[in-house]
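Step one of this worksheet: look at the structure below.
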Number of protein chains: 2
Amino acid sequence: MPQQNVRLTHAERVLKFLKRQERPLSAYEILEALRGDGVAAATTVYRALAKLLETGHVHRIESLNAWTVCRAPHHSEIPVFEICDGCGSVTEHVTSHLARDIAALSADSGFVPDRSVIEIHGRCSDCNRPSSIT
Amino acid sequence: MPQQNVRLTHAERVLKFLKRQERPLSAYEILEALRGDGVAAATTVYRALAKLLETGHVHRIESLNAWTVCRAPHHSEIPVFEICDGCGSVTEHVTSHLARDIAALSADSGFVPDRSVIEIHGRCSDCNRPSSIT
DNA sequence: GTACGCAATGTTACAACATTACATTGATTC
DNA sequence: GAATCAATGTAATGTTGTAACATTGCGTAC
């Protein structure tokens, strides 16, 4: 038996790994971490991420070029990410208000929305304490 | 007199060019277009874009890795981009509703927002007509 | 059981986007 | 005109993402 994870697909391996991370990782960071675990090339990671994205298990953070696990049991709602530029942590929110506002915009312009990227950069409550000027 | 634009900085050249475009362009597209106009390397374009970004003359569209001129006379408001995946056009909006919702999110979590990336992908009214299935 | 089809994976190369490091130039001030 | 400083040039490299094609593994029909 060459390895214990015989029956894990790459997508499963990547997902399992991402779940343990506290911040989004780049595809190449994932690759480095999973070398020796049977993941050999960038292509493999990107293929796994594409699958996980399709199934809603991960999100891509556009403004970081990085990937994170879906932490909100959203039901086709629009995710909103709060990204701390201090510690790198990302919090996922789901609000119907924003969705409503976006729909309202569309009503005016005739634009038909498909997917939304909403990423708010700032500092989390921890990093914003006076004592923790990074 | 070697050229007419002697006293234009690269930033001015890039801005002038971007103003004539209907869609965001990548830095390398800008470079290609402005070769022969004294812009010789990627570095130059990125330096110009950095300045223009700082002064609020251009926006970076994160989900496209592309750059566009600021078309909304926003006054420190949060810009919202509607991006047509059909024709590539981008419309910039400014709404106070979204800003309010984002502030509301923050109030709950203690997160202090700094800059927001809001990019809505979909299809514009033109591209969404039945006659124009791309 | 073997031939076929198909999806997953491997491998290599390359494209696209962005930054670093250091040299050169040109204008301004003293 | 020497010192200074910002803008620019140049080359190399780093990072992110995709293309193209070969190979493998597995289920199904014959």
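A side-chain donor-acceptor contact under 3.5 Å links Asp85(A) and His121(A). For the residue pair Glu82(A) / Thr91(A), no side-chain donor-acceptor distance below 3.5 Å is found, with atom types taken as modelled. Side-chain contact of Thr95(B) with His93(B): a donor-acceptor pair under 3.5 Å is absent, judged by distance alone.
Distance Leu25(A) CG to dG17(D) P: 13 Å, rounded to the nearest Å. At whole-Å resolution of the value, CG in Asp37(B) and C1' in dG9(D) are 16 Å apart. Here dT8(D) presents its C1' atom at 15 Å from CG of Leu49(B), a figure rounded to the nearest Å. We find that CD1 of Ile61(A) is positioned 14 Å from P of dT16(D), with the value rounded to whole Å. Atom-to-atom, CG of Leu31(B) to C1' of dG9(D) comes out at 13 Å; the value is rounded to the nearest Å. Protein atom CD of Glu32(A) is 11 Å distant from nucleotide atom P of dT15(D), rounded to whole Å.
Partners of Ser116(A) by side chain to side chain contact (heavy atoms under 4.5 Å, CB included), not counting sequence neighbours, listed by chain and number: Ile78(A), Ile102(A), Ile118(A), Ile120(B). For Tyr46(B), the ring pair (Phe, Tyr, Trp, His ring centres under 6.0 Å) test picks out no residue, with sequence neighbours left out.
Contact annotation: Lys51(B) does not reach the phosphate of dA6(D) (side-chain N/O to OP1 or OP2, under 4.0 Å).
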task: Would you give a per-nucleotide map of nucleotides 12-18 of chain C, 5' to 3', where B means the base has a protein non-hydrogen atom under 4.0 Å away, S means only the sugar-phosphate does, and - means neither?
output: B----BB
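Atom NE2 of residue His59(B) and atom CZ of residue Arg71(B) lie 10.5 Å apart, to the nearest 0.5 angstrom.
Nearer the 5' end of DNA chain D, as judged by each residue's closest nucleotide, is the contact made by Thr44(B), out of Thr44(B) and Arg47(A).
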